[in-house]
Number of protein chains: 2
Amino acid sequence: MPKKPAATGRTTTARAARSAGARTDDAPTATKESKSARTRARILDAAANVLSRRGFAGTRLSEVAEQAELQAPAIYYYFPSREDLIEEVMWVGIAEMRAQLEERLGELDDGTPPMEKIMVAVESHLRHALEISDYATASIRNAGQLPDALRKRQLAEEVKYGEVWRRLLTDAVREGDLNPELDLYVAHMLVIGALSWAVEWWSPRRGSVDLIVANAQDFVRAGLRGHDAAAGSTETGAAEAG
Amino acid sequence: MPKKPAATGRTTTARAARSAGARTDDAPTATKESKSARTRARILDAAANVLSRRGFAGTRLSEVAEQAELQAPAIYYYFPSREDLIEEVMWVGIAEMRAQLEERLGELDDGTPPMEKIMVAVESHLRHALEISDYATASIRNAGQLPDALRKRQLAEEVKYGEVWRRLLTDAVREGDLNPELDLYVAHMLVIGALSWAVEWWSPRRGSVDLIVANAQDFVRAGLRGHDAAAGSTETGAAEAG
DNA sequence: TCGATTATCTAATGCAGATTCACATCAAGG
DNA sequence: CCTTGATGTGAATCTGCATTAGATAATCGA
């Protein structure tokens with residue numbers, strides 16, 4: 001009966017090490033558990049990748065195993081079940097997203113205007129989704145197809161991430177930077193949608209991430225602010241009968 | 001050996017029937033869209049619904065059958081295989097979307113300014129996705145997870161739908177209605193993303209579709225137009241082909 | 001080198017779900 | 001009624017895949 005490694009691994013799944021890319025190895029003692037941890041991380045990474053491409057139901061342990069360069073049953077040494085593995089990917093996906101966002105926001109000057117913070121958030125979201133992480137893609141693409149049981153933690157993280165955004169938006173409102181005709185929640189979702197959708201169409205051939213970021217920032221800033229004229233001429237003959 | 005009904009039938013739902021031209025039989029029994037056709041449509045509708053909720057790999061024929069109120073093997077009387085069934089759903093999804101958009105655009109005055117046409121497109125997309133059709137939701141959510149073999153037709157339709165939008169956007173550019181800093185393709189995708197994402201978060205509890213439409217229109221219009229003070233450095237045209 | 005703990009493999013097991021097959025049922029006409 | 005084709009069914013295959021069991025390898029402290 002072998003002792004399994006950190007079953008419900010939460011933070012620091014050694015993938016933090018990979019993505020942050022900060023250290024090769026700093027603690028001598030860390031090296032020992034590092035092999036096990038690294039295998040676990042390899043599996044998790046592979047799962048994220050497969051999940052992002054195949055979807056929840058389409059994620060086969062055999063494919064995960066192949067990509068992690070081991071045999072499928074070995075996965076059970078690190079995760080109690082397929083569902084647990086997937087759950088962790090989904091959860092880590094958004095958690096990292098929020099972590100990165102808060103880090104970026106933390107680096108800003110106290111006096112930074114709300115709209116500028118939103119621009120930072122736009123960049124953070126896009127870069128994370130496009131450059132860094134299959135986790136984010138997996139998380140974004142599969143949120144809608146996950147059985148409720150698996151969704152809990154992810155949902156909680158999603159809420160937290162949403163709250164950060166929400167705060168930015170309300171700050172912007174207070175500053176008068178937001179088109180007053182916009183419903184805050186709807187606006188929030190429109191922005192997140194514009195950004196999240198990028199994982200569906202972007203590829204390096206579509207232009208540099210920098211280009212995408214710049215465009216998205218322009219688009220979101222203007223969209224949120226609204227045109228001066230927007231206050232008056234909103235009616236498009238479409239939704240007048242509220 | 002019973003004679004199967006129109007194999008590659010497109011006359012599926014009443015709605016679909018009107019949208020595209022048939023390419024197979026209709027000469028002998030021109031007016032026979034009765035029970036058989038309706039059963040087929042029921043299956044297709046059920047498949048669209050299941051597909052939109054479960055994803056490609058998660059779509060079980062048993063669930064489709066249950067929703068269509070028949071037994072799973074009966075599906076094979078109308079569709080050669082699970083994949084064919086799914087393929088048709090995906091394909092019809094976007095085809096209808098485009099059909100509706102072109103219909104709406106066709107109703108407009110010749111002199112309608114480009115930006116207003118875009119507003120109509122925004123409304124059309126949202127209403128179709130939110131109100132009318134599981135097909136659209138299924139199509140949107142699963143485009144990224146479909147095996148290439150199944151993707152072909154859908155992709156073709158997607159391109160056509162994209163071309164309609166593209167035309168609207170280039171017209172707006174000609175009119176000087178678009179922020180010149182925006183890359184056309186990226187802007188297009190940002191808009192589609194903001195709209196498509198609605199299927200992930202909207203529910204009647206989030207507000208009326210009218211509200212969503214109005215907000216989206218404001219957001220998109222302002223976002224595309226850009227605001228007057230948008231000055232800076234850009235090398236638009238980086239990804240300007242396609 | 002030995003044994004113990006850790007890590008991983010190969011060969012079952014068992015189920016779920018697509019597809020097939022061999023009959024039912026049903027509607028309409030003779 | 002009885003035939004015939006259109007529809008549909010229930011039970012039987014066949015396969016893919018998660019999960020388990022039972023070894024074997026690798027690592028390491030002594």
Side-chain angles (χ1 to χ4, degrees), chain A residues 1-7 9 14 28-44 46-47 50-51 53-89 146-147 149-150, chain B residues 1-7 9 25 28-29 31-44 46-47 50-51 53-89 147 149-150:
Chain A
M1 229 191 268
K3 184 178 68 181
K4 307 254 172 150
T29 42
T31 313
K32 185 200 164 191
E33 48 188 10
S34 144
K35 172 158 187 216
S36 166
R38 242 186 286 164
T39 304
R40 188 177 195 278
R42 240 173 45 235
I43 295 172
L44 208 59
V50 174
L51 188 60
R53 290 182 294 106
R54 305 289 192 198
F56 168 65
T59 295
R60 306 278 141 76
L61 286 188
S62 54
E63 195 174 353
V64 173
E66 188 182 6
Q67 210 156 112
E69 295 179 292
L70 38 69
Q71 300 303 312
I75 294 174
Y76 286 85
Y77 185 74
Y78 296 93
F79 298 88
S81 75
R82 172 183 178 274
E83 300 212 330
D84 283 83
L85 171 59
I86 290 177
E87 197 249 21
E88 185 159 334
V89 170
L146 225 55
L150 294 190
Chain B
M1 202 187 261
K3 183 176 71 182
K4 306 256 174 152
D25 64 313
T29 48
T31 35
K32 225 199 55 194
E33 306 247 341
S34 49
K35 182 159 184 194
S36 169
R38 243 187 288 161
T39 304
R40 188 176 195 278
R42 242 173 44 236
I43 295 173
L44 207 59
V50 174
L51 188 60
R53 290 182 295 105
R54 306 288 192 198
F56 168 66
T59 295
R60 307 277 142 74
L61 288 189
S62 53
E63 195 175 352
V64 172
E66 188 182 6
Q67 213 156 111
E69 296 179 290
L70 37 67
Q71 300 303 312
I75 294 174
Y76 287 86
Y77 185 74
Y78 296 93
F79 298 88
S81 76
R82 171 182 178 274
E83 299 213 329
D84 284 82
L85 171 59
I86 290 177
E87 196 250 20
E88 186 161 332
V89 170
L150 294 190

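Per chain, numbering begins at 1; letters A, B, ... match sequence-line order. These numbers come from the heavy atoms of this one structure, side chains and all, not from hydrogens, waters or symmetry mates.
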So do the side chains of B:L44 and B:F79 get within less than 4.5 Å of each other, counting heavy atoms only?
yes
Under 4.0 Å between a side-chain N or O of B:Y77 and OP1 or OP2 of D:dT7?
yes
Taking only residues two or more places apart in sequence, or in another chain, which ones meet A:S81 in a side-chain hydrogen bond (donor to acceptor under 3.5 Å, both in side chains)?
A:D84
Applying side-chain hydrogen bond (donor to acceptor under 3.5 Å, both in side chains), can you list everything that pairs with A:E63, at least two apart in sequence or on another chain?
A:R53, A:R54
Spacing of CD belonging to A:E88 relative to CD1 belonging to A:I86, to within rounding of 0.5 Å
12.0 Å
Rounded distance (Å) that lies between atom [atom2] of [N] and atom [atom1] of [X]:
{"X": "A:Y78", "N": "D:dA18", "atom1": "OH", "atom2": "C1'", "answer": "19 Å"}
{"X": "B:I75", "N": "D:dT7", "atom1": "CD1", "atom2": "C1'", "answer": "14 Å"}
{"X": "A:F79", "N": "C:dT8", "atom1": "CZ", "atom2": "P", "answer": "12 Å"}
{"X": "A:R60", "N": "D:dT15", "atom1": "CZ", "atom2": "P", "answer": "16 Å"}
{"X": "B:D84", "N": "C:dA18", "atom1": "CG", "atom2": "P", "answer": "14 Å"}
{"X": "B:R38", "N": "D:dT7", "atom1": "CZ", "atom2": "P", "answer": "12 Å"}
{"X": "A:Q71", "N": "C:dT10", "atom1": "CD", "atom2": "C1'", "answer": "9 Å"}
{"X": "A:I43", "N": "C:dA7", "atom1": "CD1", "atom2": "C1'", "answer": "11 Å"}

Protein proximity profile, nucleotides 19-27 of chain C - base contact B, sugar-phosphate-only contact S, no contact -, cut-off 4.0 Å on heavy atoms
SB-------
Under the side chain to side chain contact (heavy atoms under 4.5 Å, CB included) test, which residues partner A:P147, sequence neighbours left out?
A:F56, A:L150
B:A74: which residues meet the side chain to side chain contact (heavy atoms under 4.5 Å, CB included) condition with it, sequence neighbours left out?
B:L70
